Asks: 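Here it is, the structure, as structure tokens.
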Protein chains: 2
Amino acid sequence: MPGQYSTLRAQRRAETQRAIQAHAIRLFTERGYDATTVTDVAEAAGVSPMTVYRHFPTKEDLVLLDQHGALVAERIAASPDVQPLVRRIGRALIESATTLTGGDDLAAGREFLLARLRLMISTPALRAKHLDNHYALQRSIVDALGVDAADPDTVLRIQAAASACLATLHTALVCWAEDDGRGQLPDMIAKALAAAFGEDATDPHG
Amino acid sequence: MPGQYSTLRAQRRAETQRAIQAHAIRLFTERGYDATTVTDVAEAAGVSPMTVYRHFPTKEDLVLLDQHGALVAERIAASPDVQPLVRRIGRALIESATTLTGGDDLAAGREFLLARLRLMISTPALRAKHLDNHYALQRSIVDALGVDAADPDTVLRIQAAASACLATLHTALVCWAEDDGRGQLPDMIAKALAAAFGEDATDPHG
DNA sequence: AACACGTTGGTAGTCACTACCATATTGGTA
DNA sequence: TACCAATATGGTAGTGACTACCAACGTGTT
């Protein structure tokens with residue numbers, strides 16, 4: 001929230017935030033999400049429960065992914081609009097996944113991502129909110145595609161394509177996590193898209 | 001939960017349950033979901049808060065749809081398995097929607113359904129849990145399709161198709177509700193499926 | 001040195017939800 | 001008809017997430 005005019009302040013804040021989240025994921029994985037209270041997390045991180053809420057608005061936000069949404073919307077807006085909708089969205093999803101998993105410096109980042117994914121998949125509350133985040137992402141994708149919203153049929157068409165693509169992405173994430181991240185996530189997404197929409201609609205060489 | 005060996009008992013129970021839910025939807029619509037406490041609902045229905053929890057495990061269950069899942073799974077299992085996956089699932093969704101909206105005797109039932117849908121769409125907590133219900137429905141659809149689960153690629157293919165179809169269904173529900181239920185829901189679903197997967201994949205005359 | 005600001009901690013409260021126990025009414029039975 | 005089991009409901013007390021409101025302390029700027 002607050003504007004950081006100081007680097008030292010921002011660094012400290014970022015560090016406590018990182019520590020809180022790291023301890024949270026560890027405890028959630030060890031004892032389970034529901035069996036771990038926010039107070040437990042705060043004690044483990046050496047702060048008060050209030051500080052946890054200052055950095056993460058809800059307990060769920062300790063686990064959920066954050067940057068992914070903006071990444072996808074950017075790529076959508078930057079893509080040429082001559083391709084069919086599904087291919088355009090699908091490519092943005094694949095490229096974003098490449099940035100996410102490949103851009104992370106080392107294996108530790110991937111393990112952290114995997115741990116969060118596993119929690120999201122197995123905990124109903126987390127899974128629900130994560131799916132709702134995808135719904136919000138769907139809205140921003142539709143916005144990024146630049147709809148005039150004059151014709152309700154056009155809106156329905158775009159909304160349907162976007163939601164179907166995102167659901168497929170979620171399925172690919174689940175399968176990737178259940179495979180313990182052995183395969184390549186972008187490949188997984190491409191395969192899932194091809195399965196849902198047909199090979200031709202998502203052919204990377206098209 | 002309990003087995004109803006008596007009709008009179010079951011009738012009374014069903015009646016209080018119906019009353020609780022009706023008052024809940026009314027209050028949620030009037031004051032907003034978050035601004036209405038379970039105690040408010042209980043008082044309006046003339047029961048104690050505990051009775052509300054006996055009939056509806058969570059506050060969210062006062063709004064969410066229930067029977068839909070079983071309906072879809074049945075139709076999936078009953079459909080011939082020669083068609084492509086997306087068409088098979090899509091048809092089951094359309095037919096279930098026909099049963100839901102057409103089977104309801106009169107307009108009052110449709111208005112009630114619309115009110116619940118509007119709440120589900122506009123309230124984040126409800127929307128999230130509803131989307132998670134769709135995820136559970138996805139699982140039962142995959143089960144109903146009878147997968148041997150030997151090949152992970154096959155599983156991914158079916159999961160992807162099912163999740164994409166259900167996301168499209170959700171989009172159609174939203175569009176239908178935003179249009180105040182003026183159009184026909186099954187048509188809306190068919191249109192959304194065609195937009196996402198192409199006309200040929202869902203052609204009802206195929 | 002003084003001042004504004006941002007980070008943290010404390011307290012008290014609301015609300016969803018869960019045991020655990022008591023009570024009354026209903027349905028079938030001796 | 002009297003009795004008993006099942007069931008629907010109510011009460012109380014408690015947990016845990018989350019939210020004000022206020023106090024204290026450190027940091028960066030003037």
Side-chain angles (χ1 to χ4, degrees), chain A residues 1-21 23-25 27-28 31-64 119 123-130 132, chain B residues 1-21 23-25 27-28 31-64 119 123-130 132:
Chain A
M1 291 303 226
Q4 56 275 32
Y5 57 90
S6 156
T7 30
L8 200 148
R9 280 244 240 261
Q11 275 180 6
R12 289 209 172 198
R13 183 178 174 83
E15 175 51 29
T16 59
Q17 182 160 334
R18 203 204 54 77
I20 290 172
Q21 192 180 33
H23 283 286
I25 302 299
L27 289 178
F28 292 162
R31 313 181 191 169
Y33 178 79
D34 293 320
T36 308
T37 70
V38 174
T39 306
D40 292 339
V41 174
E43 283 180 3
V47 296
S48 92
M50 299 213 32
T51 303
V52 176
Y53 285 117
R54 286 231 174 68
H55 287 266
F56 301 90
T58 74
K59 185 184 177 186
E60 290 144 352
D61 288 309
L62 285 164
V63 182
L64 296 177
L119 284 168
T123 309
L126 290 172
R127 197 176 51 217
K129 194 150 183 178
H130 179 242
D132 193 47
Chain B
M1 292 300 226
Q4 56 274 34
Y5 57 89
S6 154
T7 31
L8 200 148
R9 280 249 241 260
Q11 275 180 8
R12 289 211 171 200
R13 183 178 174 84
E15 174 51 29
T16 60
Q17 183 159 335
R18 201 204 55 76
I20 289 172
Q21 192 179 34
H23 283 286
I25 301 300
L27 289 178
F28 291 162
R31 312 181 193 172
Y33 178 80
D34 292 319
T36 308
T37 70
V38 174
T39 307
D40 291 340
V41 173
E43 283 179 3
V47 296
S48 93
M50 298 212 33
T51 304
V52 176
Y53 285 115
R54 287 234 173 65
H55 287 266
F56 300 90
T58 74
K59 186 184 177 187
E60 290 143 353
D61 288 310
L62 285 163
V63 181
L64 296 177
L119 284 168
T123 308
L126 290 173
R127 198 176 50 218
K129 194 149 183 179
H130 179 241
D132 193 47

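All values derive from a computational prediction rather than experimental measurement.
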Asks: Any salt bridge linking A:Arg12 with A:Glu15? Criterion: basic side-chain nitrogen under 4.0 Å from a carboxylate oxygen.
Replies: no

Asks: Which one, D:dC18, D:dT9, C:dG10, comes nearest to the side chain of B:Thr51?
Replies: D:dT9

Asks: Whole Å only: how far is the CG atom of B:Asp34 from the P atom of C:dT14?
Replies: 18 Å

Asks: Nearest whole Å is fine: how far is D:dC25 P from A:Arg54 CZ?
Replies: 16 Å

Asks: Counting the atoms with a prime plus P, OP1 and OP2 as sugar-phosphate, which does B:Thr39 contact under 4.0 Å by heavy atoms, base, sugar-phosphate, or nothing?
Replies: nothing

Asks: Between B:Gln21 and B:Leu62 (side chain of the first, backbone of the second, donor and acceptor by atom type, cut-off under 3.5 Å), is there such a pair?
Replies: yes

Asks: For a quick check of understanding: with a heavy-atom distance under 4.0 Å over all strands, which category does B:Thr16 fall into, base, sugar-phosphate or nothing?
Replies: sugar-phosphate

Asks: Could you state the atom-to-atom distance from CZ of A:Phe28 to P of D:dA17 in whole Å?
Replies: 8 Å

Asks: Taking only the side-chain heavy atoms of B:Tyr53 (C-beta and beyond), determine which of D:dG10, C:dG10, C:dA16 contains the nearest atom.
Replies: C:dA16

Asks: Looking at B:Tyr53, I'd like to know if the NZ or CZ of B:Lys59 sits under 6.0 Å from its six-membered ring centre while staying within 45 degrees of the ring's axis.
Replies: no

Asks: So, B:Thr37 side chain and B:Asp40 main chain: donor-acceptor pair closer than 3.5 Å or not?
Replies: yes

Asks: Without decimals, in angstroms, what is the distance between A:Arg12 CZ and D:dG28 C1'?
Replies: 13 Å

Asks: Expressed in angstrom and rounded to an integer, what is the separation of A:Gln17 atom CD from C:dT8 atom C1'?
Replies: 15 Å

Asks: Measuring from the side chain of B:Met50 (C-beta onward, heavy atoms only), which nucleotide among C:dA16, C:dT11, D:dT12 has the closest atom?
Replies: D:dT12

Asks: From the set D:dG16, C:dT8, C:dC17, return the single nucleotide nearest to any side-chain atom of A:Arg13.
Replies: C:dT8

Asks: What is the separation between atom CD on A:Gln11 and atom P on D:dG26, rounded to the nearest whole Å?
Replies: 20 Å

Asks: Identify the heavy atoms of B:Arg54 and B:Arg13 that sit nearest to each other, and give their distance.
Replies: O-NH2, 3.7 Å

Asks: Just to confirm, is there a sub-4.0 Å distance from OP1 or OP2 of C:dT7 to any side-chain nitrogen or oxygen of A:His55?
Replies: no

Asks: Taking atom C1' of C:dT8 as reference, at what distance in whole Å does atom CD of A:Glu43 sit?
Replies: 16 Å

Asks: Looking at the side chain of B:Lys59, which of D:dT9, C:dC17, C:dT8 is the nearest nucleotide?
Replies: C:dC17

Asks: When the distance from CD1 of B:Ile20 to P of D:dA8 is rounded to whole Å, what number comes out?
Replies: 12 Å

Asks: Which part of the nucleic acid, if any, lies within reach of B:Pro49 when heavy atoms closer than 4.0 Å are counted: base, sugar-phosphate only, or nothing?
Replies: nothing

